[in-house]
2 protein chains.
Amino acid sequence: MGRTRIFDERDAARAALDVFWDRGFEATAVPDLEGATGLSRSSIYHSFGSKRGLFDAAVDTYLSEVVRPRLAPLQADTVASDALVEYMRGLRHVMADGTRHLATHGCLLLNTATSPVGIDDTLREIVRNYRRELTHAITRGVEAAHPEFRAERTARLGTTCSAHVIAAMTLARVDTEGAIALLDNAIQLIVDPNEISETGRTTA
Amino acid sequence: MGRTRIFDERDAARAALDVFWDRGFEATAVPDLEGATGLSRSSIYHSFGSKRGLFDAAVDTYLSEVVRPRLAPLQADTVASDALVEYMRGLRHVMADGTRHLATHGCLLLNTATSPVGIDDTLREIVRNYRRELTHAITRGVEAAHPEFRAERTARLGTTCSAHVIAAMTLARVDTEGAIALLDNAIQLIVDPNEISETGRTTA
DNA sequence: TATATATTGGAACGATCAGTCCACAAACCC
DNA sequence: GGGTTTGTGGACTGATCGTTCCAATATATA
């Protein structure tokens with residue numbers, strides 16, 4: 001009894017994500033969102049309530065379509081022993097390729113939450129969890145890649161690796177060269193955690 | 001022949017720095033700057049030309065009074081062998097203390113340049129140099145702390161360490177706990193780069 | 001056709017923004 | 001005192017912001 005829905009809110013959120021990712025929350029104006037989603041201002045406010053509501057929807061999209069899939073292999077029940085290296089090499093490839101949003105704009109969550117106007121605490125909380133999950137997932141990857149390591153060393157390498165990822169994501173938008181260097185270094189650290197002994201080459 | 005200057009532009013820039021550091025460039029309104037500097041709007045525009053002009057002056061203050069002094073010990077002609085550890089421990093202390101701007105707001109340059117509205121390319125360039133200098137200085141510190149390492153390993157540790165610092169600075173404002181964990185990890189990596197062998201304890 | 005819902009377009013709101021301008025007060029020199 | 005420069009206060013501009021509102025239109029069911 002009434003007109004059926006024409007547009008899909010998920011599509012709208014996806015479109016909005018591009019703009020928010022590009023310009024950030026504050027710098028994105030509602031007219032920008034109208035253009036990107038193809039929706040009228042009225043429809044946006046009807047469906048999402050506010051600019052912030054649409055942003056939240058975009059963040060959900062980002063989490064479920066960008067973050068989770070990439071991290072999934074490290075969170076599987078059984079982690080393949082080279083999953084971590086693949087993950088890091090994947091990131092490095094995306095970064096060096098430079099065509100993807102992740103390379104040109106970094107991580108939406110880090111960008112937004114660490115920007116001086118962090119919007120609010122729920123977003124900060126998301127970033128905290130994000131960091132913990134990232135570190136934990138990577139540590140599991142290290143564990144799979146180096147089962148011979150003691151727990152302590154595994155944990156340390158895991159933290160180190162996640163630090164590199166965070167730093168690389170932070171620098172992506174400003175200093176691509178630096179971001180790639182960081183990822184390279186991280187990969188090296190995983191592949192050969194101690195390939196260089198004090199005296200000379202390799203023990204592996 | 002005429003009224004002598006009353007206020008010091010450096011003081012004004014210092015006062016403005018606090019506000020910019022706290023709120024970021026975009027979110028800082030000119031009235032905020034009037035209040036912080038104690039100057040009238042007219043004086044601000046007379047002395048600094050624009051909001052951006054005052055921001056640049058604040059960045060200069062930040063570089064010369066916050067960044068350089070802290071990094072100086074690693075850039076001296078002869079680096080003390082434990083200068084790097086002191087530098088990292090200093091950062092960790094500031095972060096854990098939580099009373100300083102650096103702990104509660106992170107790095108002004110990273111915050112600003114990596115925020116979606118990075119203001120402009122000159123600021124991005126500053127961050128790029130910042131990262132290079134940081135990495136280089138830290139690498140020199142590693143060199144002093146571990147003269148027995150081969151150049152390759154020194155370089156790798158240097159990059160690793162600077163990645164931790166960047167990541168910690170990024171997270172400071174959002175995830176202090178995470179930032180401290182990263183710094184701890186970095187310190188550990190420097191103090192005992194291979195204290196844990198695959199089989200058991202220590203070689204040192 | 002009648003009715004209900006979806007969607008649009010555009011006008012309008014109050015607020016805030018950076019920046020300009022100018023008359024005026026304050027402090028120095030001669 | 002007069003002349004000159006430094007600083008202030010406040011009104012103002014033109015633009016943009018997020019948000020609200022409503023009449024009009026489109027598409028479905030009954």
Side-chain angles (χ1 to χ4, degrees), chain A residues 1-59 108 111-112 115-120 122-123, chain B residues 1-59 108 111-112 115-120 122-123:
Chain A
M1 50 184 81
R3 184 173 172 177
T4 48
R5 260 200 133 60
I6 287 184
F7 67 85
D8 181 14
E9 296 197 358
R10 292 175 48 87
D11 290 341
R14 244 184 294 262
L17 170 58
D18 284 338
V19 191
F20 281 126
W21 203 348
D22 187 33
R23 310 218 232 295
F25 179 77
E26 303 287 342
T28 299
V30 179
D32 298 333
L33 297 168
E34 298 183 45
T37 60
L39 266 50
S40 72
R41 180 172 297 221
S42 316
S43 297
I44 290 177
Y45 277 88
H46 176 71
S47 290
F48 300 98
S50 68
K51 177 188 173 186
R52 176 64 200 274
L54 179 49
F55 178 77
D56 289 340
V59 168
L108 171 70
N111 289 348
T112 313
S115 94
V117 192
I119 301 193
D120 69 11
T122 70
L123 190 65
Chain B
M1 48 186 81
R3 185 173 171 178
T4 49
R5 263 201 131 62
I6 286 184
F7 66 86
D8 181 14
E9 296 197 357
R10 291 176 50 87
D11 290 339
R14 244 184 296 262
L17 170 58
D18 284 338
V19 192
F20 281 127
W21 203 347
D22 186 34
R23 308 219 233 292
F25 179 78
E26 302 288 341
T28 298
V30 178
D32 298 333
L33 297 168
E34 298 183 45
T37 59
L39 267 51
S40 71
R41 179 174 295 224
S42 316
S43 297
I44 291 178
Y45 277 89
H46 175 71
S47 291
F48 300 99
S50 68
K51 177 186 172 187
R52 177 62 201 274
L54 180 48
F55 178 77
D56 289 340
V59 168
L108 171 70
N111 289 348
T112 312
S115 94
V117 192
I119 302 191
D120 70 9
T122 69
L123 191 65

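Worth knowing before you read on, the calculation uses all heavy atoms, side chains too, and leaves out hydrogens, waters and symmetry mates. In what follows, chains are A, B, ... by sequence order, proteins preceding strands, each numbered from 1.
- Taking atom CZ on A:F48 and atom C1' on D:dG18, their separation rounds to 17 Å, with Å as the unit.
- If you measure from atom CD of B:E34 to atom P of D:dG7, you get 15 Å, rounded to the nearest angstrom.
- For the pair A:F55 CZ and D:dC17 P, the interatomic distance rounds to 17 Å; values are reported in whole Å.
- Among all heavy-atom pairs drawn from B:T37 and B:A12, the shortest one is CG2-O, 3.5 Å.
- Look at CZ on B:F7: it is 15 Å from P on C:dA27, rounded to the nearest Å.
- Between B:S43 and D:dG7, a side-chain N or O to OP1/OP2 separation shorter than 4.0 Å is absent.
- Taking all atoms of both residues into account, the shortest heavy-atom contact from A:A58 to A:F20 is CB-CD1, 4.0 Å.
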Q.
Applying side chain to side chain contact (heavy atoms under 4.5 Å, CB included) to B:F7 and B:S47, what does each step give before you reach the verdict?
A. CA-CA 10 Å; B:F7 66 86; B:S47 291; 3.3 Å; yes
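- Contact between B:A13 and B:L54 at its shortest, heavy atoms only, is CA-CD1, 4.3 Å.
- Nearest heavy-atom pair across B:G24 and B:T28 is O-OG1, 2.6 Å.
- The closest donor-acceptor contact from the side chain of A:K51 to the backbone of A:L33 lies at 3.5 Å or more, if one exists at all.
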Q.
At under 4.0 Å between heavy atoms, how does the protein contact nucleotides 11-25 of chain C? Give one character per nucleotide, 5' to 3', with B, S or -.
A. ------SBBBB----
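- A donor-acceptor contact shorter than 3.5 Å links the side chain of B:D32 to the backbone of B:A29.
- Using a 4.0 Å cut-off between a side-chain N of Lys or Arg and a carboxylate O of Asp or Glu, B:D18 and B:R14 do not qualify as a salt bridge.
- A stem is defined here as three or more consecutive Watson-Crick or G-U pairs, each with both distances under 3.5 Å; for DNA chain D these stems are C:1-27 with D:4-30.
- Across the protein-nucleic acid pair, B:H46 atom NE2 and D:dT8 atom P stand 11 Å apart, rounded to whole Å.
- What separates CD1 of A:I44 from P of C:dA6 is a distance of 17 Å, to the nearest Å.
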